[in-house]
Amino acid sequence: MTTAQTRQELDVQPTPLALLLLGREADPRSERGVECPGDLPLPSDPDLVERARAAKEKLGDKVFVLGHHYQRDEVIQFADVTGDSFKLAKDAAARPEAEYIVFCGVHFMAESADILTSDDQKVVLPDLAAGCSMADMATAEQVAECWDVLTDAGIAEQVVPVSYMNSSADIKAFTGKHGGTICTSSNAKRALEWAFSQGEKVLFLPDQHLGRNTAVRDLGMTLEDCVVYNPHKPNGGLTAEQLRDAKMILWRGHCSVHGRFSLDSVNDVRERIPGVNVLVHPECKHEVVAAADYVGSTEYIIKALEAAPAGSKWAIGTELNLVRRLANRFADEGKEIVFLDKTVCFCSTMNRIDLPHLVWALESLAEGNLVNRIEVDRETEQFAKLALERMLALP
C-alpha cells in the first residue's frame with residue numbers, strides 16, 4: 001500500500017499545530033502578537049548569513065527584498081529597502097522588473113504588496129505564520145454583521161468606513177465596496193477629514209486607539225463622540241441610540257505591542273530619566289498619547305530622532321527591534337534612547353521571519369521553486385485596490 005493510500009484510508013491530515021510549526025499556516029486564536037521574555041530571540045546560525053547572500057546574489061535582479069522596520073537585524077540586513085507597511089508595498093510596485101517580491105513583514109503587508117504589484121510579480125512571505133494580531137481582530141464575517149447592525153439602526157447610509165493599513169485584504173475590499181478609504185498612521189487625519197466630507201459618521205477598523213487618537217487629538221472631537229463596537233457582543237454591545245449619537249464607531253481592536261504601554265510607563269520613565277522626551281506611536285492608548293511629548297508614525301519617530309540634538313534623551317513607545325536599532329544608530333551622537341516600558345517586549349509575529357525562513361525562501365526561489373506565495377483573489381483585489389487608490393488620491 002502506498003503512503004497516499006494509507007493516508008486516504010486513515011484520513012490522516014496535517015494538524016493545524018503541525019502546519020503552524022512548519023510555517024505553512026497561521027493560528028490567530030493562539031498567536032497574540034507580543035512576547036515579553038526579557039530579551040529578543042537568539043540570533044540564528046551565522047552560517048546562514050553566507051547562504052542568504054549566495055542565494056540573493058544568484059537571484060540578482062529577479063528578487064526584491066522588503067524589510068519592515070520591526071524586523072530583526074539579522075533579517076533586515078538583506079532588505080533592499082526598509083520602511084513601514086505602505087511604503088514597502090509602494091516600493092514593490094515601483095520595481096516591475098523584479099519577478100519575486102520577498103516581504104519580510106507580516107501577512108497583511110504581503111497582501112497589500114500583491115494588490116499593488118503587477119500580475120507577473122509573485123509575492124513571497126517567508127513564514128505564513130507571520131500574521132498580525134490586530135488584523136486578526138476583524139474578520140470579513142464580523143464586519144459584514146456590523147454593517148447589518150448599522151443598517152438596522154438606520155445609519156448605514158451615513159457611515160463611511162475607514163480601515164487602517166493593518167487589516168486583511170478582505171477588510172480592505174469591504175471598505176472599497178462601501179465607499180471608504182484606507183489610511184496609515186501618518187495620514188489618518190487626512191483620511192478622516194475626507195471621510196467626514198463624504199458622510200456624517202465613520203466606522204474605523206480595526207484599531208480603536210488610532211481612530212480615537214486621531215479623532216480627539218487631531219480633529220478636536222471628544223471622547224463622547226466615540227463608541228466602541230465589540231464584535232463578540234450582540235449588536236456590538238451598543239444600542240441603536242448610541243450608534244445614532246456617535247460620530248466615530250471604533251472597532252474593538254488594538255496592537256498587542258503598542259497596547260502594552262500605559263500611563264504608569266510614562267510617569268515611571270519621567271521619574272527615572274529627568275528631561276526625557278516621550279515619543280509614542282498613535283496605536284498607543286489615548287491616555288498614553290495624551291501624556292506623551294510627541295506622537296507619530298514609525299517614519300515620524302525615525303525622522304524625529306534624526307533631527308534630535310546631541311545629548312537629548314528619548315523614551316520610545318513602539319516595537320523593540322526598531323527602538324534598539326535606533327539606540328545603537330544614534331549612540332555616537334550622544335542621544336540616549338530607551339524603550340518606554342520597563343518590560344522588554346517585541347512583536348512575536350514579526351519575529352517569525354527569522355534567518356532560517358528567509359534562507360529557505362531565497363534558496364527555494366534560486367532553485368526555481370516558488371514557495372509561500374501570497375495571492376489575493378481577483379474580486380477582493382479589485383475592491384481593496386479601489387480603497388487603496390482613494391487613499392493615494394487624498395490631498
Side-chain angles (χ1 to χ4, degrees), residues 133-168 170-172 174-175 177-185 187-256 258-263 280-291 295 387:
S133 58
M134 181 201 296
D136 290 337
M137 291 177 189
T139 68
E141 293 78 12
Q142 290 172 332
V143 176
E145 183 178 338
C146 172
W147 199 255
D148 289 339
V149 171
L150 300 182
T151 301
D152 291 342
I155 62 170
E157 291 185 356
Q158 307 166 31
V159 176
V160 177
V162 175
S163 292
Y164 191 21
M165 193 72 180
N166 299 32
S167 58
S168 68
D170 287 337
I171 301 307
K172 290 183 176 73
F174 168 89
T175 305
K177 279 184 181 179
H178 292 84
T181 186
I182 308 301
C183 76
T184 67
S185 53
N187 71 3
K189 178 184 178 183
R190 294 200 304 276
L192 285 184
E193 288 172 339
W194 174 86
F196 280 112
S197 73
Q198 306 295 309
E200 299 175 23
K201 304 173 185 293
V202 164
L203 171 64
F204 195 91
L205 299 151
D207 180 22
Q208 61 169 306
H209 300 307
L210 177 62
R212 181 183 296 106
N213 289 329
T214 307
V216 174
R217 186 172 178 272
D218 297 329
L219 298 187
M221 295 185 190
T222 66
L223 292 176
E224 288 69 33
D225 290 323
C226 308
V227 294
V228 177
Y229 181 95
N230 186 342
H232 303 293
K233 290 185 177 181
N235 298 318
L238 299 167
T239 65
E241 182 179 5
Q242 286 175 309
L243 289 168
R244 285 192 286 266
D245 289 344
K247 293 181 181 178
M248 289 286 292
I249 302 166
L250 306 169
W251 192 264
R252 190 176 181 271
H254 65 276
C255 170
S256 299
H258 291 109
R260 282 193 54 81
F261 299 115
S262 66
L263 186 57
V280 303
H281 195 282
E283 289 176 17
C284 293
K285 297 172 185 175
H286 180 68
E287 57 266 30
V288 174
V289 166
V295 181

So, using ring pair (Phe, Tyr, Trp, His ring centres under 6.0 Å) as the criterion, who are the partners of Trp194 when residues are at least two apart?
none
Could you tell me which residues satisfy side chain to side chain contact (heavy atoms under 4.5 Å, CB included) with [X], sequence neighbours excluded, listed by chain and number?
{"X": "Ala195", "result": "Val160, Val162, Val202"}
{"X": "Asp225", "result": "Met221, Thr222, Lys247"}
{"X": "Val149", "result": "Tyr229, Asn235, Leu243"}
{"X": "Asn230", "result": "His232, Lys233, Arg252"}

Does Leu219 form a side chain to side chain contact (heavy atoms under 4.5 Å, CB included) with Leu192? I'd like the steps, not just the answer.
CA-CA 8 Å; Leu219 298 187; Leu192 285 184; 3.7 Å; yes
Set of salt bridge (charged side-chain N to carboxylate O under 4.0 Å, His left out) partners for Lys189, sequence neighbours left out
none
I need the minimum non-hydrogen distance between Leu250 and Cys226, along with the two atoms involved.
CD1-CB, 3.8 Å
Which atoms form the tightest heavy-atom contact between Met248 and Gly211, and what is the distance?
CE-O, 3.6 Å
Report yes or no: does Gln158 contribute a side-chain atom to a donor-acceptor pair with the main-chain N or O of Ile155 at less than 3.5 Å?
no
State whether the side chain of Trp251 and the backbone N or O of Met137 hold a donor-acceptor pair below 3.5 Å, judged by distance alone.
yes
Please name all residues satisfying side chain to side chain donor-acceptor pair (under 3.5 Å) with [X], sequence neighbours left out, ordered by chain then number.
{"X": "Thr184", "answer": "Ser186, Asn187"}
{"X": "Asp170", "answer": "none"}
{"X": "Glu283", "answer": "Tyr164, His258"}

Asn166 vs Cys255 side-chain heavy atoms within contact, under 4.5 Å
no
Other residues, nucleotides and ligands only: do more than 12 of their heavy atoms fall within 6.0 Å of CD on Gln198?
yes
With sequence neighbours left out, which residue pairs that include part of residues 138-162 fulfil the ring pair (Phe, Tyr, Trp, His ring centres under 6.0 Å) condition?
Trp147-Phe174, Trp147-His178
Name the one of Gln208, Arg212, His209 that satisfies side chain to side chain contact (heavy atoms under 4.5 Å, CB included) with Lys285?
His209
